[in-house]
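Input: a single structure, listed below in structure tokens.
Quantities reported herein were computed from a predicted structural model and do not represent experimental measurements. Computed over heavy atoms, backbone and side chain alike; hydrogens, waters and symmetry mates excluded.
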Protein chains: 2
Amino acid sequence: MRIGELAERTGVSTRTLRYYESRGLLESRRAVNGYRVYGDGELRLVQQIRALQDFGFELEETRPFVDCLRAGHPAGDSCPDSLDVYRGKLAEIDALMDRLRAVRMRVEAELVRAESRRQGASVPRCELEGRT
Amino acid sequence: MRIGELAERTGVSTRTLRYYESRGLLESRRAVNGYRVYGDGELRLVQQIRALQDFGFELEETRPFVDCLRAGHPAGDSCPDSLDVYRGKLAEIDALMDRLRAVRMRVEAELVRAESRRQGASVPRCELEGRT
DNA sequence: CTAGACCTTGACGCCGACGTCAAGGCAACA
DNA sequence: TGTTGCCTTGACGTCGGCGTCAAGGTCTAG
């Protein structure tokens, strides 16, 4: 199939596919006229990339999965490097959620404080130091 | 005080202060030689901006707080517009955390699945469809 | 008088993941 | 044969929040 069909079947733009190729994530054979030609392997490869991107993975983080698939493994996460990326992402998510929880608490405390100042008379003297 | 002192006292670069000014967040009087001159009002203003940025607010989101302070209110969050930004940020954080939780679960499920495939023999037939 | 520290504006660079446009080649159909 | 639709490469634009450099003006201490 050519680039237009691959784009349509994967839901990405042709520009995106060329971009993946420029990053070394996607390879293409060429027809005699210079057109890119793809097979089903590339289709699955792009689907793998998109699935990970939907999870918030950066393109570079999908590379081990891509390499794994291209090495002939049945799934992109059949290789140790891919699993390391999974683990790193879990740690990253945990750190981000911790930070978000902390920020959320402080913002909410500020909101409550400011609201009470507008309605009620004086600011309550108690400290709003909640712990998760 | 001049820009270098304000930068040092707020912990930001002079470039950053000039950038704030270009965005209309910061104003400056000028000395006869053209140098920017700031007072304590601007100091508090920059501190307000940085405090919000540390919470992950974009510069544009700090504008209501800045306007509020410049209007003479005692705090940046003494005005309704600022409280709206607080509320919007809380909603944004909640949505992001919901999304992160979902992604986290799916990534962890993939990890467990892939790990068990590598160690144990066959993939368990059960579906890992956890609900929050 | 000069070195050095401070200040000015202007402009380009960076990151990530592409969007969009330009200028042209190739293929198929009326 | 001409039009339409696909394809090619190349290059600039986008967004946010600045970093960094260039080329110059200003002020102060020695």
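The CD atom of A:E21 sits 15 Å away from the P atom of C:dC18 (whole-angstrom rounding). Atom P of nucleotide C:dC6 and atom CD of B:E8 are separated by 9 Å, given to the nearest angstrom. Atom-to-atom, CG of B:L25 to C1' of D:dG17 comes out at 12 Å; the value is rounded to the nearest Å.
At a cut-off of 3.5 angstrom, the base of D:dG17 holds no donor-acceptor pair with the side chain of B:Y20. Side-chain atoms of A:R15 and base atoms of C:dT20 include a donor and an acceptor less than 3.5 Å apart.
Distances were taken from every side-chain heavy atom of A:R18 (C-beta onward) to each of C:dC6, D:dC18, D:dT8; the shortest belongs to D:dT8. When distances run from any side-chain atom of B:T16 to the nucleotides D:dG19, C:dT8, C:dA27, the shortest one goes to D:dG19. Checking C:dG16, C:dC6, D:dC7 against the side-chain heavy atoms of A:Y19 singles out C:dG16 as nearest. You'll find that the side chain of A:R36 is closest to D:dT9, out of D:dC27, D:dT9, C:dA17.
A:R18 and A:T14 share a side-chain donor-acceptor pair at under 3.5 Å.
A salt bridge links B:E21 with B:R30: the closest approach of a Lys/Arg side-chain nitrogen to an acidic carboxylate oxygen falls below 4.0 angstrom.
A close approach under 4.0 Å does not occur between any side-chain nitrogen or oxygen of B:N33 and OP1 or OP2 of C:dT8.
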